[in-house]
Amino acid sequence: MTAYHILAAQNDPIVESIRENVVTFINPTSNPDGRDRYVHSYEAAEGLTEEADRISAEHDQPWPRGRTNHYYFDLNRDGFVLTQPETRNQSMALRQYFPLVVMDIHEQGGDSSFYFDPEPAPFNPHDTETRHNNVMLFAANHAKHFDNFGFDYYTREIFDEFSPGYVSTTPSYYGAIGMLFEQPSLRYRRKDGSEFHYRDAIRNQFVGSISVAEVTATNCEKLLSDFYNYGKSGMEEAKNDQIKSFIIPKQKNQAGADKLVGLLAMQNVEIGEASSSFNACRADFSEGSYIINTAQPTKRFIRVLLDKDVPMSEEFLAEEERLHSLGQRSKIYDVTSWSLPLMWGVDVIECSQNITAASTMVEPKLIKPGTLTNANAKVAYLVPWGEATAANLLSRALRMGLHVKSADFKFVNNAVEYPSGTLVFLTHLNDENIGATLAKLAAETGADVIGTDNSWIMDGPNFGSSKTPVLLPPKVGILWDEPTSANSTGNTRFVIERQLGYPVTAIRTDQLRSQSISQFQAIIIPESRGSYAAVLGSAGAENLKNWVNDGGTLIGLGSALNYLISEDVGLLSSKLEYAFNPNATAAAGNGRSSRTKGTTLSADDFQKAITPDNQSPSRMAGFIVKAKMDPTHWMSAGMPDEVNVLVRRGDIYSPLKLNKGTNVSYLVGEEDVLQSGYMHSSPINHF
Amino acid sequence: MVEPKGNVIAFAYSPIHRAYVDRLNVLLMNAIIRGPAHSRALR
């Protein structure tokens, strides 16, 4: 309708100005799979009349609902990692044309009116004053039109743009004005009894869209020069920043480093790969290290993704603490940290110098082909374990039926130390083409393969040791459908299938009540929204327990642990902890009396008096913490001694007793734990 | 009571949240491939 109006309207000065000054691109749907599910479930439930009641099936989409894509990703969080084809292609299209204004025309719940930016705090410090001021130009124009038509709207609530993952924020980091509309769509009876119609939704989005194009047309020269100045001012700012470059040295997790620079290069960041060794910031770096000088047009984008922490203003944080102490809802919409170096485990060094060492430009590619050394090895081919590339090679090898073993511990062969988990392809247990096969897999997956003519191990388990078990291809299942969280189950399946290359069978949870699962060697029980106990019942719980007793590997994620630790299931000997509260008041009142002793309360005492002795840790927007790994357990094979974990839930579990299991990974003390982002202060949250 | 032959591997925080946390992918791979390799079940 917007397209038709812009193309066909006559004698409308607004449209004439738009046609004269603006090229408008319309992406009719950024989530085709989700849209199809939504439309299909709506049409499947239609009756004689159009239904406005929120309890009706048309308004109550079945699992997994329409919000997400095929692998149940929320595409409106994927804007900087670009793991999904929809977001990646949209991002690449934006970078082909660099639109000056990008609108995310979004849907929200039926009781809301119409939302447009300006957005509320917290503000990202790498966002610009210019964009904020330009957003106000648009907002003022929308308000004028909405007032003319008498449409309700609201601004500065809920939808902050602090994280760079949204459709509306990502374009802002190449210098566009990214903005958001939110409004209900379907016919809907609201709480106040009024009825909202689909035609209202179309009309409002249409008026908003024309208003955006109108402001863009009126200010086209300003917006174009703002776009130019965005890059220019970024380069100028960089000269005065403490951080003038990031150096990514050659490292153990080189696959992670390669992928990180590839992802940045896809998003227009210029990165050099050092042609020879160099010295910078009082350290030596070898050839092949990556250099990112921040004095480039994408400076703010680089800082947003590579800075260890992106702070919120002190004023905002003080208000957050106040709300938190009163048990009120946080104003933070989503994650407060998304540091790629931390989440991807890549060493990135902040440097206060602009680096001039000779380098070649990095290509926008996520993996570098691996190599095979010693192509006609006599005894075995080894693949060091720990990087995602080796995991991909393993998936391919298992699916092809190659024979592969893996060492539980690190070992030394031919004076080279190999990490725990290293893959061992013995020549006498594979066919004569194994060298050529692995060379091909190395090139395709990015993993390096080293042939050895000598089985002698100086330190660690031999290839024939029981500590070097055979890895057989497991049949892996994941629980699917109610009560699982579609995001959790779908995203997990995506990572295993599309990032690690191994197939996963989706099993509808209620099948476990009656069907054998003996064909599976591993089953993942993902996070849930509803109750596993309700869907599985006692028959499903027995089935799972028997399957584990018979040898199955059950992998629980996040909130699924609450099911595994429950008394009826008892597959995990842990308990949920209350929030740590050093101020817990022992027996404040006396027995059944409705009276309690009189007190005088200071502000501090008052806070203590209103804080319940026992409460669950509060839900967290999302931050990154450090966890230690036990390097002697096979679960931590190839992993570093410390890893970073993204925490987005409040549940805290007691550690397992030694006779009940192994704590392979655990959070380190309160002082050290937080790596990045905002965590509400104690006593509510305490690991 | 018969000694259980399998494993229960519990992640208190999902290692794959939104496919953001790449470094933990190998940990999940260890769970699905090495867990069965360390099972006491006959294959």
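Within every chain, numbering begins at 1; the chains are lettered A, B, ... in the order of the sequence lines, protein sequences first and strands thereafter. None of the values given here were measured: they were computed from a predicted structure.
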Inset, instruction - Could you tell me which portion of A:Thr492 (side chain, backbone, both or neither) has an atom closer than 4.5 angstrom to a non-hydrogen atom of chain B? - result: both

Inset, instruction - Would you indicate whether A:Lys626, at its atom NZ, is surrounded by more than 12 heavy atoms from other residues, nucleotides or ligands within a distance under 6.0 Å? - result: yes

Inset, instruction - Could you list the residues that satisfy side chain to side chain donor-acceptor pair (under 3.5 Å) with A:Gln499, not counting sequence neighbours? - result: B:Asn25

Inset, instruction - Output, in order, the C-alpha distance, side-chain angles, deciding distance and verdict of side-chain hydrogen bond (donor to acceptor under 3.5 Å, both in side chains) for A:Asp651 and A:Asn562. - result: CA-CA 9 Å; A:Asp651 288 347; A:Asn562 297 356; 3.0 Å; yes

Legend entry - Engaged part of B:Ile32 at the chain A interface, taking heavy atoms whose separation is under 4.5 Å: both

Legend entry - Part of A:Phe80 lying under 4.5 Å from any heavy atom of chain B: side chain

Legend entry - Per-residue contact mode, A:Leu646 against chain B (heavy atom under 4.5 angstrom): both

Legend entry - Donor-acceptor pair between A:Asp74 and A:Thr68 side chains, under 3.5 angstrom: no

Inset, instruction - Ignoring hydrogens and angles, state whether a donor on the side chain of A:Ser163 or A:Asp334 is under 3.5 Å from an acceptor on the partner side chain. - result: no

Inset, instruction - Below 4.5 Å from any heavy atom of chain B, which atoms of A:Leu561 appear? Answer side chain, backbone, both or neither. - result: side chain

Inset, instruction - Just do the side-chain hydrogen bond (donor to acceptor under 3.5 Å, both in side chains) check on A:Glu527 and A:Ser488 with the steps written out, would you? - result: CA-CA 6 Å; A:Glu527 293 163 283; A:Ser488 181; 3.1 Å; yes

Inset, instruction - Apply ring pair (Phe, Tyr, Trp, His ring centres under 6.0 Å) to A:Tyr563 and list each qualifying residue two or more places apart in sequence or on a separate chain. - result: A:Tyr532

Legend entry - Residues A:Asp550 and A:Lys545 bridged, charged N to O under 4.0 Å: no

Legend entry - Between B:Leu24, B:Ile9, B:Leu42, the one whose heavy-atom pairs under 4.5 Å with chain A are most numerous: B:Ile9

Inset, instruction - Tell me yes or no: between the side chains of A:Thr484 and A:Thr489, is some donor less than 3.5 Å from an acceptor? - result: no

Legend entry - Residue A:Ile524 versus chain B: region with a heavy atom under 4.5 Å: side chain

Legend entry - chain B contact via A:Pro469 - which portion, at a heavy-atom distance below 4.5 Å: side chain

Inset, instruction - Check the side chains of A:Gln84 and A:Asp78 for a donor-acceptor pair under 3.5 angstrom, ignoring hydrogens and angles. - result: no

Inset, instruction - Please look at B:Arg18 and chain A and tell me whether the side chain, the backbone, both or neither of the residue comes under 4.5 angstrom of a heavy atom of that chain. - result: both

Inset, instruction - Give, as side chain, backbone, both or neither, the part of A:Glu387 having an atom under 4.5 angstrom from any heavy atom of chain B. - result: backbone

Inset, instruction - Answer with side chain, backbone, both or neither: which region of A:Ser636 has an atom nearer than 4.5 Å to a non-hydrogen atom of chain B? - result: backbone

Legend entry - chain B contact via A:Val81 - side chain, backbone, both or neither, heavy atoms under 4.5 Å: side chain

Legend entry - Proximal component of A:Trp385, with respect to chain B [non-hydrogen, under 4.5 Å]: side chain

Legend entry - Selection from A:Ser574, A:Ala255, A:Gly345 maximising heavy-atom pairs under 4.5 Å formed with chain B: A:Gly345

Legend entry - Toward chain B, the part of A:Ile624 with a non-hydrogen atom under 4.5 Å: neither

Inset, instruction - Give, as side chain, backbone, both or neither, the part of A:Ile555 having an atom under 4.5 angstrom from any heavy atom of chain B. - result: both

Legend entry - Portion of A:Leu472 that has a non-hydrogen atom of chain B nearer than 4.5 angstrom: both

Legend entry - Per-residue contact mode, A:Pro640 against chain B (heavy atom under 4.5 angstrom): both

Inset, instruction - For B:Arg34 and A:Ser406, test the side chains for any donor-to-acceptor distance below 3.5 angstrom and give the result as yes or no. - result: yes

Legend entry - Which of A:Met635, A:Lys259, A:Arg649 touches chain B most, by non-hydrogen pairs under 4.5 Å: A:Met635

Inset, instruction - Could you check which of B:Arg43, B:His17, B:Arg40 has the highest count of heavy-atom pairs closer than 4.5 Å to chain A? - result: B:Arg43

Inset, instruction - Could you tell me if the ring centre of B:Tyr13 sits under 6.0 Å from that of A:Tyr653? - result: no

